[in-house]
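The structure appears below as structure tokens.
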Amino acid sequence: MAQKLPPLRFVRSVLKSFMSESGLEPRLLGPHLRITNAVAGKVDFELDIAKHHTNRLSILHGGTIASMVDLGGSLAVASMGLYATGVSTDLNVTYLSGGGKAGDKISATAICDKMGKTLAYTSITFRNAKGELAARGSHTKYVTQAWKAQEIPFTPPEGVEIEEDK
């Protein structure tokens, strides 16, 4: 039987799965994104902005932020103990200030606002290097199948690679 992990290690293991199994996240975000903290219902992460994260104006591309809303919502669901994080039903992003340029860091906090048997509602806020609110997003996920796949919260499936304790 797999061992129950603390939220930070569990969420980092879910991110590791995204980076090894997904097509988008490892190519867009890859080693530039890291989780800095995770507790039940909340995940903090940051991205070191690289050139490929920017638009033709050399500032953080809105699509990069939208992708981080998607991933952040999934990580917020994972912070509630689900390894399979469901599928998206709705995603929204509001851009408020510039996110930064290559060489800057953008910080994010993802919250699981409500977790039900069918849907999970998440919200994500982004702060630029100046500490300004750069963007906010929401992400709704259908989680019925994820609940069916999860016998014990915070327990990864057998055979998956677990993030090392840091």
Side-chain angles (χ1 to χ4, degrees), residues 1-26 28-29 32-47 60-97 99 105-128 131-158 160-163 166:
M1 183 169 156
Q3 81 180 87
K4 187 173 179 178
L5 300 176
L8 178 59
R9 191 167 175 212
F10 183 78
V11 174
R12 283 181 171 159
S13 295
V14 171
L15 177 63
K16 188 172 203 156
S17 174
F18 271 98
M19 293 303 178
S20 66
E21 302 298 326
S22 178
L24 177 67
E25 288 86 1
L28 177 62
L29 306 171
H32 302 281
L33 185 130
R34 71 198 147 276
I35 296 170
T36 57
N37 193 37
V39 296
K42 179 181 173 188
V43 178
D44 296 316
F45 62 97
E46 57 192 22
L47 178 78
L60 184 61
H61 195 290
T64 302
I65 292 176
S67 292
M68 288 193 295
V69 168
D70 185 85
L71 178 62
S74 296
L75 297 176
V77 168
S79 79
M80 299 297 284
L82 291 180
Y83 191 84
T85 57
V87 295
S88 301
T89 63
D90 182 70
L91 189 139
N92 183 336
V93 187
T94 302
Y95 304 98
L96 302 159
S97 297
K105 178 174 65 177
I106 189 162
S107 301
T109 298
I111 305 272
C112 186
D113 299 308
K114 182 176 189 316
M115 172 73 86
K117 292 179 182 174
T118 305
L119 296 173
Y121 301 89
T122 68
S123 56
I124 303 89
T125 55
F126 296 88
R127 295 205 172 267
N128 61 25
E132 299 167 333
L133 185 61
R136 63 178 179 231
S138 62
H139 187 197
T140 307
K141 306 224 38 177
Y142 175 74
V143 293
T144 299
Q145 299 305 319
W147 276 119
K148 289 178 182 177
Q150 190 74 46
E151 291 181 32
I152 302 168
F154 297 101
T155 305
E158 291 289 338
V160 302
E161 194 172 342
I162 305 301
E163 181 65 20
K166 292 181 182 179

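Keep in mind the model is a prediction, meaning the values are calculated, not measured.
- At a threshold of 4.0 Å, the pair Arg34-Glu46 counts as salt-bridged, since one of the basic side-chain nitrogens sits closer than that to a carboxylate oxygen.
- A pairwise comparison of heavy atoms in Ile124 and Ala110 identifies CG1-CB, 3.8 Å as the closest pair.
- Using a 4.5 Å cut-off on side-chain heavy atoms (C-beta onward), Val43 and Thr109 make no contact.
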What do the steps show when you test Gln3 against Leu5 for side chain to side chain contact (heavy atoms under 4.5 Å, CB included), and what is the final call?
CA-CA 6 Å; Gln3 81 180 87; Leu5 300 176; 3.6 Å; yes
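- For the pair Ser22 (side chain) and Met19 (backbone), a donor-acceptor distance under 3.5 Å is absent.
- The CZ atom of Phe126 lies 4.5 Å from the CZ atom of Phe45; values are rounded to the nearest 0.5 Å.
- In this structure, a donor-acceptor pair under 3.5 Å is absent between the side chains of Thr36 and Asp44.
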Side-chain donor-acceptor distances from residues 61-68 under 3.5 Å, at least two apart:
| residue | atom | partner | partner atom | Å |
| --- | --- | --- | --- | --- |
| His61 | ND1 | Gly63 | N | 2.7 |
| Thr64 | OG1 | His53 | O | 3.1 |
| Ser67 | OG | Gly63 | O | 3.1 |

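- Between atom CG of residue Leu96 and atom CD of residue Glu132 there is a gap of 10.5 Å, rounded to the nearest 0.5 Å.
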Show your reasoning for whether side chain to side chain contact (heavy atoms under 4.5 Å, CB included) applies to Val143 and Thr118.
CA-CA 5 Å; Val143 293; Thr118 305; 5.9 Å; no
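- Judged by distance alone, with hydrogens and angles left aside, the side-chain atoms of Asn128 form no donor-acceptor pair with the main-chain N or O of Ser97 at under 3.5 Å.
- Although no hydrogens or angles enter the test, the distance criterion places a donor-acceptor pair under 3.5 Å between the side chain of Arg12 and the main chain of Ile35.
- When side chains are defined from C-beta on, Ile162 counts as touching Arg9, because their heavy atoms get closer than 4.5 Å.
- With rounding to the nearest 0.5 Å, the separation of CG in Leu24 from CZ in Phe18 is 10.5 Å.
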Side chains of residues 82-89: which donor-acceptor pairs under 3.5 Å do they make with residues two or more places apart or in other chains?
| residue | atom | partner | partner atom | Å |
| --- | --- | --- | --- | --- |
| Ser88 | OG | Asp70 | OD1 | 3.2 |
| Ser88 | OG | His139 | NE2 | 2.7 |
| Thr89 | OG1 | Thr140 | O | 3.3 |

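- Counting heavy atoms from C-beta outward, Val93 and Leu91 have side chains that approach closer than 4.5 Å.
- One distance of note links OG of Ser138 with OH of Tyr121; it measures 11.0 Å at 0.5 Å rounding.
- Closest of all the heavy-atom pairs between Ile106 and Ala134 is CD1-CB, 4.3 Å.
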Test side chain to side chain contact (heavy atoms under 4.5 Å, CB included) applied to Phe10 and Met80, step by step
CA-CA 10 Å; Phe10 183 78; Met80 299 297 284; over 6 Å; no
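- Surrounding CZ of Arg136 are at most 12 heavy atoms belonging to other residues, nucleotides or ligands under 6.0 Å away.
- Taking each heavy atom of Ala38 and Pro7 in turn, the nearest pair found is O-CB, 3.9 Å.
- A distance-only check finds a donor-acceptor pair linking the side chain of Gln150 to the backbone of Ile152 [under 3.5 Å].
- Side chains of Lys117 and Thr144: no donor on one and acceptor on the other come within 3.5 Å.
- In this structure, the side chain of Ser79 engages the main chain of Gly41 through a donor-acceptor pair within 3.5 Å.
- Rounded to the nearest 0.5 angstrom, Ser123 OG and Asp113 CG are separated by 3.5 Å.
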Run the side chain to side chain contact (heavy atoms under 4.5 Å, CB included) check on Leu15 and Leu33 step by step: do they pass?
CA-CA 10 Å; Leu15 177 63; Leu33 185 130; 3.9 Å; yes
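- Scanning all heavy atoms of the two residues, the minimum distance from Ala76 to Thr122 falls at CB-CG2, 3.9 Å.
- Applying the salt bridge (Lys or Arg N to Asp or Glu O under 4.0 Å) rule to pairs touching residues 15-26 yields Lys16-Glu161, Lys16-Glu163, sequence neighbours excluded.
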